Amino acid sequence: MSDLPAESRLRVELDSRAYDILIGPGLIGQAASYDGAIRGRQVLIVTNDTVGLHYREPVEAALRDAGHDVDTLILPDGESHKNLTTLDTIAEHLLDNAYGRDTTIVALGGGVIGDLAGFAAAIYQRGIDFVQVPTTLLAQVDSSVGGKTGVNHRLGKNMIGAFHQPKRVLADVDVLTTLPAREFAAGMAEVIKYGLIRDAGFFDWLEANMAGINARDPALIIEIIRRSCANKAEVVVADEREAGERALLNLGHTFGHALEAELGYGAWLHGEAVAAGMCMAADTSRRLGWLSEDQVTRIEAVLAAAGLPIAPPSGTSAARIFDLMRRDKKVSAGALRLVLLKDIGNAVIYEDYGVALDDTLHHYLAA
Ligand SMILES: NC(=O)c1ccc[n+]([C@@H]2O[C@H](COP(=O)([O-])OP(=O)(O)OC[C@H]3O[C@@H](n4cnc5c(N)ncnc54)[C@H](O)[C@@H]3O)[C@@H](O)[C@H]2O)c1
Ligand SMILES: O=C(O)C(=O)C[C@@H](O)[C@H](O)[C@H](O)COP(=O)(O)O
Ligand SMILES: [Zn+2]
């Protein structure tokens, strides 16, 4: 690990659960990347049929080089499989093979695999170690960091889950070369989110560099992952279990999660739903007098430049979306709390939005 450049390593300073995020090329296939992150001999790689085809072999080889016994479980691909049935498949595999408490799960894939495998690690024999090897942009900038794990329910997104921090995050930028453009764009929604909630300078930088990012300039990609992870790590360290500030990472998600559930998990990608949701949150913020028309236009323009939707699909029912939003995890004492923008780079959690939310829902959605 010491031969890696310093700028590709960040630390999530969570006391006894502190861990490193390594960002750079060629990480997944090097035994050294896993040094110190895996306690026991047994390792179960959890991946899916798409990612497994590309990256199973180099990860297995590196872990064997590092002295581990390695087994791989291949799950079906897709958000529609992020559920309790697939979780049971992982639990059954662990039990069938008599895996002990010193087993480490390596989650090799995007956010779906990371959330599923992480949740299995959180609950198997009351908790075993896991390492995140995120292979989508979204997973490298967001889902692999911070320890939120879980599965979806018909009535709500990520409704069954646990906080369980990984032992390491290996964000290997080489794997992004096989990532389809639509998935890359979905990751950009979460990147833009950090600019909107707490890093106005990053938002300006993204506006200026979107052409190079879309062309996947390697230096720009490392920079967006590094800056996104640094922002996320700061928030998580301040509020690991979302008692307050961490909820800001949910900008656009109250709308977005409702859209994902209503449209059917997988119809719209998470990042796409969040992009539309951030535009809806910006619209409510404008109605409250916080954002100007110009700022809303800038937000829409940067999302559109990244190849993202800036509104939900036409025909979606406002009443059904509102019904799903009422089950959001940020509901407190029966009140739905929204993440809104006082300014670009300054998000707040707010429940006194009055008719502004209704007006937003009726502006974007069908009666
Ligand atoms: N835990 C968190 O903090 C957190 C944060 C954000 C999102 N999420 C969750 O993450 C999920 C979305 O994650 P995602 O966008 O990574 O989707 P995903 O995991 O479904 O991956 C997207 C697609 O890309 C494929 N893929 C992955 N890596 C690839 C690669 N390198 N080359 C080619 N194909 C590749 C996958 O097989 C899949 O088909 C959602 O369920 C969302 O709720 C969780
Ligand atoms: O890490 C967080 O905290 C986030 O909110 C990150 C989000 O991008 C992510 O989609 C998360 O899974 C949403 O959390 P949830 O608690 O609303 O399900
Ligand atoms: Zn998200």
Side-chain angles (χ1 to χ4, degrees), residues 28 47-55 74-83 107-119 122 132-153 156-166 169 171-194 197 228-229 231-233 235-236 239-242 244-258 260-261 265-266 268-275 277-278 325 327-331 339:
I28 63 169
T47 188
N48 69 30
D49 36 19
T50 312
V51 178
L53 211 60
H54 290 294
Y55 303 113
I74 310 257
L75 299 173
D77 188 4
E79 183 79 37
S80 62
H81 298 286
K82 186 177 140 179
N83 55 33
L108 172 65
V112 168
I113 287 292
D115 282 11
L116 264 166
F119 189 28
Q132 287 273 19
V133 183
T135 63
T136 61
L137 179 64
L138 184 139
Q140 295 189 350
V141 300
D142 189 350
S143 63
S144 61
V145 176
K148 275 192 181 177
T149 72
V151 296
N152 301 329
H153 187 278
K157 179 85 183 158
N158 303 332
M159 283 296 169
I160 322 283
F163 287 97
H164 189 53
Q165 300 292 342
V169 178
D172 183 335
V173 292
D174 286 346
V175 306
L176 299 179
T177 51
T178 54
L179 190 69
R182 186 178 169 199
E183 299 292 349
F184 186 86
M188 285 305 297
E190 305 278 21
V191 172
I192 293 165
K193 176 186 80 178
Y194 296 113
I197 62 172
S228 297
C229 288
N231 269 300
K232 180 150 186 183
V235 174
V236 168
D239 178 23
E240 184 184 3
R241 296 207 164 218
E242 201 170 302
E245 178 185 354
R246 183 165 183 169
L248 300 179
L249 295 172
N250 242 230
L251 176 69
H253 286 63
T254 311
F255 299 99
H257 281 170
E260 287 184 81
Y265 295 117
W268 266 35
L269 304 181
H270 175 70
E272 293 171 339
V274 167
M278 290 195 294
M325 287 172 72
R327 297 174 219 266
D328 186 87
K329 293 180 223 66
K330 295 183 297 305
V331 168
V339 183

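In this text the structure is predicted, and so the values were computed from the model without any measurement. Only this structure's heavy atoms are used, side chains among them; waters, hydrogens and symmetry mates stay out. In each ligand, atom 1 is the first atom listed, and ligand 1 is the first ligand listed.
For ligand 2 and H257, the ligand atoms under 4.0 Å from any heavy atom of the residue are 13 (C), 15 (P), 17 (O), 18 (O). Residue D142 has at least one heavy-atom neighbour below 4.0 Å for each of these atoms of ligand 2: 6 (C), 7 (C), 8 (O). Within ligand 2, counting atoms from 1 as listed, the ones closer than 4.0 Å to a heavy atom of K148 are 1 (O), 2 (C), 3 (O), 4 (C), 5 (O), 14 (O), 15 (P), 16 (O). Per-residue contacts place H270 under 4.0 angstrom from the following atoms of ligand 2 (heavy atoms of the residue considered): 10 (O).
For D142, every N, O or S atom stays at 2.8 Å or more from the Zn ion (ligand 3).
Backbone and side-chain nitrogen or oxygen atoms of G78 are examined, and none is located within less than 3.5 angstrom of a nitrogen or oxygen of ligand 1. Residue H257 has no nitrogen or oxygen atom sitting less than 3.5 Å from a nitrogen or oxygen atom of ligand 1, judged on distance alone. Of the N or O atoms in H54, none lie within a sub-3.5 Å distance of an N or O in ligand 1. Residue contacts with ligand 2: K157 is placed with no nitrogen or oxygen under 3.5 Å of a nitrogen or oxygen of the ligand (distance criterion only). Residue contacts with ligand 1: R246 is placed with no nitrogen or oxygen under 3.5 Å of a nitrogen or oxygen of the ligand (distance criterion only).
K193 counts as a contact of ligand 2, since one of its heavy atoms falls under 4.0 Å from the ligand. The closest approach between any non-hydrogen atom of K232 and ligand 2 is below 4.0 Å.
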| said: R182 vs E272, test: salt bridge (charged side-chain N to carboxylate O under 4.0 Å, His left out). Steps then yes/no. | reply: CA-CA 9 Å; R182 186 178 169 199; E272 293 171 339; 2.6 Å; yes
